[in-house]
Trainee: 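Have a look at this one.
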2 protein chains.
Amino acid sequence: MTSAETPTPRKRPVQARSAITVDAILTAAAHILEGEGMEGYTTNAIAARAGVSIGSLYQYFPNKEAITAALVLADAERLYEGLQAASDASAGAPFLSRLEALLDVVIAHQMDRPALARMIDMEERRLAHDPALQAVHEAGFALVRQELQQSGLSLPFGLEACTVDVFAIVLGICDTAGERGETDGDSLKARIRHAVLSYLGGRPS
Amino acid sequence: MTSAETPTPRKRPVQARSAITVDAILTAAAHILEGEGMEGYTTNAIAARAGVSIGSLYQYFPNKEAITAALVLADAERLYEGLQAASDASAGAPFLSRLEALLDVVIAHQMDRPALARMIDMEERRLAHDPALQAVHEAGFALVRQELQQSGLSLPFGLEACTVDVFAIVLGICDTAGERGETDGDSLKARIRHAVLSYLGGRPS
DNA sequence: GATAAATATGAGCTATTGCTCGTATTTTGA
DNA sequence: TCAAAATACGAGCAATAGCTCATATTTATC
């Protein structure tokens, strides 16, 4: 994984084994969050599950919050990179195709590990003021903004408002689906596509 | 406030003064949540702010979670009652008017105390499995479901899916607006109305 | 092989905080 | 008026969990 997953590390891991340790910690944290929620999410439990001593954990993370922040940031980055890749891959294609490509990424991201996605989503709200996280969010915004600009559609509101709302609609429907335990990705995609397209004024379905 | 705000009370308040105590506790809890977030949200702080001893607090709430649950439930009930009232008041009116009446309630609820709304929203996700809360949610669903049924619109998806999505769209845009600190209720309403109407296939703005 | 730097360890400290319980005060009802 | 019930009080217990630090081990460097 990239170095961005370890923000504010107390010590920069330089040897290979320490990188493995950091990775094990983040993986363990994710598994606990996914399987037990916030109740079991303690630094001691994370260290134990990672097969690492609590001392080692605090050698690379200044506090518990930093672990969560790293987890959330890595997740946001993965999503953004997926969107970027989809955007690049569908360059030149008509807007509808490009939108579908982006939705596929978002939905795959949601459907992959729904329980984890839900927990990370909740933590993401709590850590919304983290500058590194905000930067990734802004990058995602920029991507969608550009997509809308190039779509040639006559937008119902200002570019910024439409960008914000498209995000809100997509994430809103996705999160709700996650909370309700929906598993049908195709249905989800069809509904989100319809919601976004009709909002933008493009011919839906 | 109604008795529904005190679920699972350790002791049912029967005298007037104890009702005041319970009310003071809930009010204090809301104020702390609104002003300091989860960091300052401790039972001792709540009791202190309420001008009540910690012992009194635990005479009416079995644990801290019950206070939060009562807060969230009261909020959800207030919203639902507002929707119900708006629905009743606009009986017989065309769908667009009725939708606007409902949106006014939602937006007023969001704009009234945005910081508190945001915190309650977060806790609401965490407590999503609370039966009493689920019941209120279901009541809200039923209201919107009926509204859609009576609209005469030919829905783009099944009634249930449309109900869920309308909720998700409205709350998604609202929450995002709250997080971004938006203060223009009119703009918000226009966008949400557009999003919902276009999703449903009714002629937007 | 020797020295230093990096990494790993985990017992236990510290601080917080949810919560209890014995007691005091107020209200009710007869 | 007085006993019983309801309410209020708050010092302090108990448990948890974040985190430190002195020490041990491994790796890199020369």
Side-chain angles (χ1 to χ4, degrees), chain A residues 3 5-29 31-33 35-72 119 123 126-127, chain B residues 3 5-29 31-33 36-72 123 126-127:
Chain A
S3 66
E5 288 164 349
T6 2
T8 327
R10 176 158 298 186
K11 202 179 276 181
R12 268 281 169 69
V14 306
Q15 299 180 0
R17 57 175 173 156
S18 62
I20 291 175
T21 295
V22 169
D23 226 65
I25 292 169
L26 291 175
T27 301
H31 273 92
I32 290 179
L33 216 48
E36 310 183 37
M38 289 303 288
E39 300 82 57
Y41 188 70
T42 72
T43 52
N44 288 289
I46 293 169
R49 172 120 198 197
V52 155
S53 76
I54 184 65
S56 291
L57 187 154
Y58 277 97
Q59 218 150 27
Y60 301 104
F61 297 94
N63 49 49
K64 183 186 180 179
E65 192 96 330
I67 300 175
T68 313
L71 223 49
V72 169
M119 294 307 299
E123 290 305 292
R126 219 170 44 80
L127 304 174
Chain B
S3 67
E5 289 163 348
T6 3
T8 327
R10 177 159 296 187
K11 203 179 277 185
R12 270 282 169 68
V14 305
Q15 300 179 0
R17 55 175 175 156
S18 62
I20 292 175
T21 296
V22 169
D23 225 65
I25 292 169
L26 291 175
T27 301
H31 273 91
I32 290 179
L33 216 50
E36 310 182 35
M38 291 302 289
E39 301 83 56
Y41 189 70
T42 72
T43 52
N44 289 290
I46 294 170
R49 173 121 197 196
V52 155
S53 77
I54 184 68
S56 291
L57 187 152
Y58 277 97
Q59 218 150 24
Y60 301 104
F61 297 94
N63 49 49
K64 182 185 179 180
E65 193 95 330
I67 301 174
T68 313
L71 223 49
V72 168
E123 290 305 292
R126 219 169 44 79
L127 304 175

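These numbers come from the heavy atoms of this one structure, side chains and all, not from hydrogens, waters or symmetry mates. Proteins come first, then strands; the chains are lettered A, B, ... in the order of their sequence lines, and each starts at number 1.
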Trainee: Taking the nucleotide of DNA chain C with the nearest heavy atom to each, does Gln15(A) or Gln15(B) sit closer to the 5' end?
Mentor: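 Closer to the 5' end of DNA chain C: Gln15(A).
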Trainee: In whole Å, what is the span from the CG atom of Asp23(B) to the P atom of dT7(D)?
Mentor: 15 Å
Trainee: Do Phe61(B) and Thr43(B) have side chains that get closer than 4.5 Å, going by heavy atoms?
Mentor: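 Side chain of Phe61(B) against side chain of Thr43(B), heavy atoms only: no contact under 4.5 Å found.
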Trainee: Using a 4.5 Å cut-off on heavy atoms from C-beta on, say whether the side chain of Arg126(B) contacts that of Val72(B).
Mentor: no
Trainee: Hey, could you give me the CZ/OG1 distance between Arg49(A) and Thr42(A), rounded to the nearest 0.5 Å?
Mentor: 12.0 Å
Trainee: Quick check for you: to the nearest 0.5 Å, what is the distance between His31(B) atom NE2 and Ile46(B) atom CD1?
Mentor: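 If I round to the nearest 0.5 Å, the distance is 13.0 Å.
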Trainee: Would you say that Met38(B) contacts Leu33(B) through its side chain, given a criterion of any heavy-atom pair below 4.5 Å between the two side chains?
Mentor: yes
Trainee: Distances for protein N/O vs nucleotides 14-21 of chain D N/O pairs under 3.5 angstrom?
Mentor:
from	atom 1	to	atom 2	distance (Å)
dG18(D)	OP1	Lys64(A)	NZ	2.6
dG18(D)	OP2	Thr43(A)	N	2.8
dG18(D)	OP2	Thr43(A)	OG1	2.8
dG18(D)	N7	Asn44(A)	ND2	3.4
dC19(D)	OP2	Tyr58(A)	OH	2.9
dC19(D)	OP2	Lys64(A)	N	2.8
dC19(D)	N4	Asn44(A)	OD1	3.2
dT20(D)	OP2	Arg10(A)	NH1	3.1

Trainee: As an exercise, state the distance from CD of Glu39(B) to CD1 of Ile32(B), rounded to the nearest 0.5 Å.
Mentor: 12.0 Å
Trainee: Under a criterion of less than 4.0 angstrom to any heavy atom of chain B, what are the 5'-terminal and 3'-terminal contacting nucleotides of DNA chain C?
Mentor: dT17(C) to dT28(C)
Trainee: How long is the span from the OG1 atom in Thr27(B) to the CG atom in Leu71(B), to the nearest 0.5 Å?
Mentor: 8.5 Å
Trainee: Answer whether the closest heavy-atom distance between the side chains of Tyr60(B) and Leu26(B) falls below 4.5 Å.
Mentor: no
